[in-house]
**Student:** 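Quick one: the structure is below, questions incoming.
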Amino acid sequence: AQSVSQHNHHVILSEAASLELGCNYSYGGTVNLFWYVQYPGQHLQLLLKYFSGDPLVKGIKGFEAEFIKSKFSFNLRKPSVQWSDTAEYFCAVNAKAAGNKLTFGGGTRVLVKP
Amino acid sequence: DGGITQSPKYLFRKEGQNVTLSCEQNLNHDAMYWYRQDPGQGLRLIYYSQIVNDFQKGDIAEGYSVSREKKESFPLTVTSAQKNPTAFYLCASSPGGANIQYFGAGTRLSVL
């Protein structure tokens with residue numbers, strides 16, 4: 001079955017540490033890739049997206065992600081996190097092969113200690 | 001102020017009862033979606049609608065029903081057939097196709 005996997009369920013790190021969250025998907029063919037973030041008590045919101053072009057995409061709040069087609073991966077990175085980055089992060093894939101439905105990974109809860 | 005409004009914020013269901021969750025959008029989006037969020041499982045698609053008067057089952061449609069009589073509204077009914085309804089329910093909309101989805105604040109449903 002087609003799926004999206006996020007490798008870490010929980011990540012705890014200190015301010016100024018670097019963050020990398022893994023995301024792998026199992027779809028073939030054309031895909032659109034997203035990272036969404038859910039801050040405590042807030043709406044799920046888009047962090048960044050990849051549709052085509054440069055596989056290194058930059059999003060809001062200093063986040064970036066790299067699409068590696070050969071590895072079916074779309075990992076999220078931030079060089080130096082802040083306490084305000086504490087949130088749950090979701091990778092999502094929209095694949096033409098799946099009827100353009102958005103499929104989410106299980107999410108990663110990130111806690112940044114001040 | 002454009003956006004997606006879900007109500008109520010909290011909802012309690014008694015055994016054997018049907019409950020309806022409201023979702024309204026004023027973004028003029030064609031497509032609307034309902035997801036269920038459970039800890040560690042991400043968001044799972046319940047139903048979606050690409051156009052008024054049409055909707056399709058998602059991955060976990062059993063025990064749920066929807067309607068799409070107006071472009072701006074996509075209510076979800078959790079029926080008594082849904083044996084494990086306790087979850088956080090999120091509604092989303094998009095212009096359609098492979099576009100970005102925009103989410104509401106969610107409704108937390110619990111069983112009494």
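Just so we're clear, the structure is a prediction, and the values are computed from it rather than from any experiment. So that the names make sense, note that chain A is the first sequence line, chain B the second, and so on, each numbered from 1.
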**Student:** In terms of hydrophobic clusters joined by side-chain contacts under 4.5 Å, are A:Leu47 and A:Phe74 together?
**Tutor:**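 They do share one cluster, since a chain of ILVMFWY contacts under 4.5 Å joins A:Leu47 to A:Phe74.
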**Student:** Is A:Ile60 reachable from A:Trp83 through a run of hydrophobic residues whose side-chain heavy atoms are each under 4.5 Å from the next?
**Tutor:**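 Hydrophobic grouping puts A:Trp83 apart from A:Ile60.
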**Student:** Side chain, backbone, both or neither: which part of A:Gln42 has a non-hydrogen atom closer than 4.5 Å to chain B?
**Tutor:**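 Nothing of A:Gln42, per the 4.5 Å heavy-atom cut-off to chain B.
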**Student:** Does any heavy atom of chain A fall under 4.5 Å from the side chain of B:Leu45, the backbone, both, or neither of them?
**Tutor:**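 Side chain of B:Leu45 only, per the 4.5 Å heavy-atom cut-off to chain A.
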**Student:** Are any of the side-chain heavy atoms of B:Gln56 and A:Lys101 separated by less than 4.5 Å?
**Tutor:**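 Sidechains of A:Lys101 and B:Gln56: no contact.
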**Student:** Checking A:Tyr36 side chain against B:Gln101 main chain: does a donor-acceptor pair fall under 3.5 Å?
**Tutor:**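 Such a contact is found between A:Tyr36 side chain and B:Gln101 backbone.
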**Student:** Treat each ILVMFWY residue as a node, draw an edge where side-chain heavy atoms are under 4.5 Å apart, and state whether A:Phe63 and A:Leu33 are in one component.
**Tutor:**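 Same cluster: A:Phe63 reaches A:Leu33 through Ile, Leu, Val, Met, Phe, Trp or Tyr contacts under 4.5 Å.
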**Student:** Indicate, with yes or no, if A:Leu76 and A:Phe51 share a hydrophobic cluster defined by side-chain heavy-atom contacts under 4.5 Å among Ile, Leu, Val, Met, Phe, Trp and Tyr.
**Tutor:**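 Hydrophobic grouping puts A:Phe51 apart from A:Leu76.
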**Student:** Is there a side-chain contact between B:Leu43 and A:Leu44, using heavy atoms and a 4.5 Å cut-off?
**Tutor:**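 Yes, side chains in contact.
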**Student:** Could you work out the complete set of other residues in the hydrophobic cluster of B:Leu76, with links drawn between I, L, V, M, F, W and Y side chains under 4.5 Å apart?
**Tutor:**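 Its cluster mates, by chain and number, are B:Leu11, B:Val19, B:Leu21, B:Met32, B:Trp34, B:Ile46, B:Tyr47, B:Phe55, B:Ile60, B:Tyr64, B:Val66, B:Phe74, B:Val78, B:Tyr89, B:Leu109.
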**Student:** Where do A:His43 and B:Ile4 come nearest, in terms of heavy atoms and distance?
**Tutor:**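 Closest approach of A:His43 to B:Ile4: CE1-O, 4.5 Å.
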**Student:** With the 4.5 Å side-chain cut-off for hydrophobic clustering, are A:Leu46 and A:Phe67 part of the same group?
**Tutor:**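 No, separate clusters.
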**Student:** Heavy-atom distances under 4.5 Å only: say whether B:Asp59 touches chain A with side chain, backbone, both or neither.
**Tutor:**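 Contact with chain A is through the side chain of B:Asp59 alone.
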**Student:** Might you confirm whether atom NZ of A:Lys49 has over 12 heavy atoms from other residues, nucleotides or ligands at distances under 6.0 Å?
**Tutor:**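 Not buried by this count: 12 neighbours or fewer within 6.0 Å.
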**Student:** Which one of B:Tyr35, B:Tyr48, B:Tyr33 satisfies the side chain to side chain contact (heavy atoms under 4.5 Å, CB included) criterion with A:Leu102?
**Tutor:**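 One option only clears the test, and that one is B:Tyr35.
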**Student:** What part of A:Glu88 lies closer than 4.5 angstrom to a heavy atom of chain B: side chain, backbone, both or neither?
**Tutor:**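 It is the side chain, since no backbone atom gets that close.
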